[in-house]
Amino acid sequence: MSTILVVDDDAALTEALAETVADLGHRPLLAAGGEAALALAASAAPDAVLLDLRMPDLDGIAVLRRLRASPAPAPVAILTAHATAANTIDAMRLGAFDHLTKPIGRDALADLLARMLRARPPAAPALEQATDEDAFIGASAAMREVQKTIGRVADTDATVLVTGETGTGKEVVARAIHRHGRRAAGAFVAVNCAAIPAELLESTLFGHVRGAFTGAVADRAGAFHEAAGGTLLLDEIGDMDTAMQAKILRILQERVVTPVGGRAAAVDVRIVAATHRDLPARVREGRFREDLFYRLSVVPVALPALRERPGDVALLAAHFLRPLGRRLGPDAAARLAAHPWPGNVRELRNALQRAAVLASGEELRADDFDFLDAAPDTAPDAAPDGAAVAPDDLPAAVARLEARMIASALHEAGGNRAAAARRLGIHRQLLYAKARRYGLTVQPAEEVGEPDDAA
């Protein structure tokens, strides 16, 4: 018979858990708060702990930290009704065995306890709690697994490969790994390997010395050295040419960087790589080195497309709309959840910003998103190597259309903002703001004979 410590300030839930624990053949110990839990853990040495996060005297993260700092800690599973990305990551990085949402069924509890009692993980050192910044939004099962993985790898130096369609948040994952880990005080440097010409990428990553090539008028440190002590994100590494892949492989193996025209020097940096490409397919086609693929994917993190987690759409929408002072109505939430979002989270964010700018009410309605029906394609195209990607996201296409329409209206109105706004059916102030955003020249009102207070 094993002793299971159940910690929760909800008496009814605690009794229900204790009854199930007893039915499963274990001895339950009950604690209504954090301080009582620590006292029982010290005196009774439980075999496993079921711990709530929100308690009045001492929160669950603080209790977890102290339990895990003991010489022979029991496995601790977090059970909470208020799971967030931040508390999931914090709990896993502090050594929680698992992080689950309440309520938990009998079969799930039986499986959890069986796994916990088979495990006796080593004690983890006490660590500073990460910031409560919760920019990594998602409560779906797939995203919860991603959050748990981030918590497990944050304090290691293991190389992480983040994969997923364009717009799914690969850089957000990389930043979360950095922010929640022991390298958080160091620099986070991101380099988009697809956006830099191949002839410049080596200097960008490794640096160069003065006179190494024409135009090298001063020494340059390079991204690897700029990220020393911190984290370097090699974004879109699947688009890197094979010659540069060989140099990256050598750095991963030896942790030594050679600037162009300079001498080799050791570098202490955590590497996270990201790509929307299907790397195994590229390996088979000879476009990506197999040895580099295995070096990068020590810990793989696959991000699901937004259409695969529609339950997260409302959470993301609320997060993006909060600073804009807007909220989603029920009909709008249902419409957004049903949309396929080929551009993923990036497309959702831009769609919400557009609707918030154009809508008149504080609550966004379904018809505020009618522009989504104008999308020429509702599913991502297949990239040449089989990876699903959107050739051009909706917000970019909408921006180009808006810019063309505004430019045309201003031209036809002779630069008169009020007349152009009337042609477009929007307020003059909105037209002026959008023109500035798109870099369109708008003449002052007095130069086109326009009243300053024209609508």
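One-based numbering along the sequence shown.
The distance from atom CG of Leu79 to atom CG of Leu53, rounded to the nearest 0.5 Å, is 9.0 Å. A distance of 8.5 Å separates CG in Leu279 from CG in Leu292, rounded to the nearest 0.5 Å. The distance from the CD atom of Glu285 to the CG atom of Asp278 is 8.0 Å, given to the nearest 0.5 Å. Atom OG1 of Thr242 is separated from atom CD1 of Ile248 by 12.5 Å, given to the nearest 0.5 angstrom. Annotation: the span from Asp368 atom CG to Asp331 atom CG amounts to 8.5 Å, rounded to 0.5 Å. Note that CG of Leu64 is 9.5 Å distant from CG of Asp90, once rounded to the nearest 0.5 Å.
With sequence neighbours left out, the side-chain hydrogen bond (donor to acceptor under 3.5 Å, both in side chains) criterion links Glu236 to His276. Applying the side-chain hydrogen bond (donor to acceptor under 3.5 Å, both in side chains) rule to Lys247 yields the partners Glu202; only residues at least two apart in sequence or on another chain are considered. Scanning for ring-ring contact (aromatic ring centres under 6.0 Å, His included) contacts around His99 gives an empty result, with sequence neighbours left out. In terms of the side-chain hydrogen bond (donor to acceptor under 3.5 Å, both in side chains) criterion, residue partners of Asp111 (sequence neighbours excluded) are, by chain and number, Arg115. For the side-chain hydrogen bond (donor to acceptor under 3.5 Å, both in side chains) test, no residue two or more places apart in sequence or in another chain qualifies with Asp235.
Between Ala302 and Val146, the closest heavy-atom pair is O-CG2, 4.0 Å. The shortest heavy-atom contact between Gly95 and Arg68 is O-NE, 3.3 Å. Here the closest heavy-atom approach between residue Leu315 and residue Ala139 is recorded as CD1-CB, 3.7 Å. The minimum heavy-atom distance linking Val49 with Ala74 is given by the pair CG2-CB, 4.5 Å. Considering every non-hydrogen atom in both Leu352 and Ala317, the closest pair reads CD1-CA, 3.5 Å. The two residues Met92 and Phe97 come nearest to each other via the heavy atoms CE-O, 4.0 Å.
Salt bridge absent: Asp98 and Arg144 never bring a charged side-chain N and a carboxylate O closer than 4.0 Å. Using a 4.0 Å cut-off between charged side-chain N and carboxylate O, Arg93 and Asp155 make a salt bridge. Arg287 has no carboxylate O lying under 4.0 Å from a charged side-chain N of Asp241, or vice versa, which leaves the two without a salt bridge. By the 4.0 Å N-to-carboxylate-O rule, Arg54 lies too far from Asp59 to be salt-bridged with it.
No donor-acceptor pair closer than 3.5 Å links the side chain of Ser297 to the backbone N or O of Pro300. Counting only distance, with no hydrogens or angles, the side chain of Arg182 and the backbone of Ala154 share no donor-acceptor pair below 3.5 Å. A donor-acceptor pair is defined here as one N or O able to donate and one able to accept, closer than 3.5 Å; no such pair exists between the side chain of Ser203 and the backbone of Leu200. Side-chain atoms of Arg220 never come within 3.5 Å of backbone atoms of Gly207 as a donor-acceptor pair (strictly under, hydrogens ignored). With Gln147 contributing its side chain and Gly138 its backbone, the two residues share a donor-acceptor pair below 3.5 Å. Looking only at distances, a side-chain donor or acceptor of Arg282 sits under 3.5 Å from a matching main-chain atom of Gly238. Judged by distance alone, with hydrogens and angles left aside, the side-chain atoms of Asn87 form a donor-acceptor pair with the main-chain N or O of Thr84 at under 3.5 Å. Using a distance-only test at 3.5 Å, with no hydrogens or angles considered, a donor-acceptor pair links the side chain of Gln245 to the main chain of Arg289. Of the possible polar contacts, none joining the Asn344 side chain to the Arg346 backbone as a donor-acceptor pair under 3.5 Å is found. Of the possible donor and acceptor atoms, one in the side chain of His178 sits under 3.5 Å from a partner among the backbone N and O of Gly186.
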Might you work through the side chain to side chain contact (heavy atoms under 4.5 Å, CB included) test for Thr168 and Leu306, ending with a clear yes or no?
CA-CA 7 Å; Thr168 48; Leu306 187 55; over 6 Å; no
Would you please test Val313 and Leu348 for side chain to side chain contact (heavy atoms under 4.5 Å, CB included) and show each step?
CA-CA 8 Å; Val313 172; Leu348 172 64; 4.3 Å; yes
Checking side chain to side chain contact (heavy atoms under 4.5 Å, CB included) for the pair Met55/Asp52: CA distance, chi angles, key distance, verdict?
CA-CA 7 Å; Met55 294 179 290; Asp52 185 30; 4.1 Å; yes
Ile177/Thr231 under side chain to side chain contact (heavy atoms under 4.5 Å, CB included): CA gap, chis, key distance, verdict:
CA-CA 9 Å; Ile177 291 171; Thr231 303; 5.8 Å; no
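When side chains are defined from C-beta on, Arg327 does not count as touching Leu321, because their heavy atoms never get closer than 4.5 Å. Inter-residue side-chain proximity for Leu372 and Trp341 is flagged as met; some heavy-atom pair is nearer than 4.5 Å. No side-chain heavy atom of Leu328 sits under 4.5 Å from any side-chain heavy atom of Glu363. Contact of the Val260 side chain with the Val209 side chain is not registered, since no non-hydrogen atoms from C-beta on lie closer than 4.5 Å. Side-chain contact between Val345 and Phe320 is present, with at least one heavy-atom pair separated by less than 4.5 Å. Put simply, the side chain of Val256 does not reach to within 4.5 Å of the side chain of Val267, judged on heavy atoms. Contact check for Leu303 versus Glu165: no side-chain heavy atoms found under the 4.5 Å cut-off. Taking the side chain as every heavy atom from C-beta outward, Val269 and His225 never approach each other to under 4.5 Å.
Applying the salt bridge (charged side-chain N to carboxylate O under 4.0 Å, His left out) test to pairs two or more places apart or on separate chains, those with a residue in residues 311-320 are Arg309-Asp312.
Considering Arg270, Arg183, Arg255 as possible partners of Asp157, the one that fulfils the side-chain hydrogen bond (donor to acceptor under 3.5 Å, both in side chains) test is Arg183.
Phe288 does not carry Arg277 over the face of its six-membered ring by the limits of under 6.0 Å from the centre and within 45° of the normal.
Checked against the 6.0 Å centroid criterion, the rings of Phe224 and Phe206 qualify as a close aromatic pair.
Side-chain atoms of His208 and Asp219 include no donor-acceptor pair closer than 3.5 Å.
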